[in-house]
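In what follows, a single structure is set out as C-alpha cells and then discussed.
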Amino acid sequence: QVQLVESGGGLVQAGGSLRLSCAASGRAFSNYAMGWFRQAPGKEREFVAVISWNGLSTRYGDSVKGRFTISRDNAKNSVHLQMNSLKPEDTAAYSCNAGGRYVSDRYDAGPFWGQGTQVTVSS
C-alpha cells in the first residue's frame, strides 16, 4: 500500500512555471514507476509523465513534451513535476499515481492515487 500526497499547485500566468511534488508513504516506493496525470473539467483524464523506478527512463504526453520534466528522489520518497512555459490549456487537477505498469514506453495507471492538486494558468 502506498499513500500519495501532492502539493505545489496554484495560480500562475501563462509562460510561468510551477513545480509539483508528490510525497509517498508506505512500503516499496522505490519499486514503483510513478506517473502524473491531469484532468480538466469536462475532459477525460490525460497522461502527463512517467518515470521508472530507478529514474533512468521517462516518458511524456505529447502536449507537455519539452516543457515538463519529471524526476524522483527515492531517498526522500518523492516525485516531482517541473512545469515550464505553462499555457492556459495546462489548467487541470494534477494527480500522481503509483503501482502502474511501465513497459515499452507505455504506462498503465496503477491503483494508488493522490488527492490531486489544482493548477490554473491565466492568459
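When reading the values below, keep in mind they use all heavy atoms of this one structure, side chains included, and skip hydrogens, waters and symmetry mates.
- Within the 4.5 Å cutoff, the side chain of V121 has no heavy atoms near those of the K87 side chain.
- Side chain of R59 to backbone of S52: no donor-acceptor contact under 3.5 angstrom is found.
- Between R38 and S63, the closest heavy-atom pair is NH2-OG, 3.2 Å.
- We find the CE-CG distance between M34 and N74 to be 9.5 Å, quoted to the nearest 0.5 Å.
- Listed here is the closest heavy atom pair of L4 and A24: CD2-CB, 3.7 Å.
- Across A14 and S123, no two heavy atoms sit closer than the pair CB-CA, 4.4 Å.
- Here the closest non-hydrogen pair linking Q82 and S17 is NE2-CB, 3.9 Å.
- Shortest non-hydrogen contact noted between S95 and G116 is OG-CA, 3.5 Å.
- Contact between S71 and V79 at its shortest, heavy atoms only, is O-CG2, 3.0 Å.
- Through direct or indirect side-chain contacts shorter than 4.5 Å among Ile, Leu, Val, Met, Phe, Trp and Tyr, F37 is connected to F47, V50, Y102, Y107, W113.
- Remark: N84 CG to F68 CZ distance equals 8.5 Å, nearest 0.5 Å.
- Relative to the ring axis of Y60, R67 does not place its NZ or CZ within 45° and under 6.0 Å from the centre.
- Interatomic distance, CE of M83 versus CD1 of I70, reported as 12.0 Å (0.5 Å rounding).
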Could you go through the salt bridge (charged side-chain N to carboxylate O under 4.0 Å, His left out) check for D62 and K65 one step at a time?
CA-CA 5 Å; D62 289 342; K65 281 180 182 176; 3.1 Å; yes
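- Counted by atom type alone, S122 and Q13 present zero donor-acceptor pairs between their side chains at under 3.5 Å.
- A donor and an acceptor atom, one from each side chain of S21 and H80, are located under 3.5 Å apart.
- In this structure the side chain of F29 reaches within 4.5 angstrom of the side chain of N77, judged on heavy atoms.
- In this structure, E6 CD and W36 CH2 are separated by 5.5 Å, a value rounded to the nearest 0.5 Å.
- Cluster membership check: Y94 shares its hydrophobic cluster with V12, using side-chain heavy-atom separations under 4.5 Å among Ile, Leu, Val, Met, Phe, Trp and Tyr.
- The CG atom of L86 sits 10.5 Å away from the OG1 atom of T120 when rounded to the nearest 0.5 Å.
- Between K43 atom NZ and T91 atom OG1 the span is 9.5 Å, to the nearest 0.5 Å.
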Apply side chain to side chain contact (heavy atoms under 4.5 Å, CB included) to residues F112 and Q1 and explain how you reach the verdict.
CA-CA 8 Å; F112 306 118; Q1 195 80 359; 3.6 Å; yes
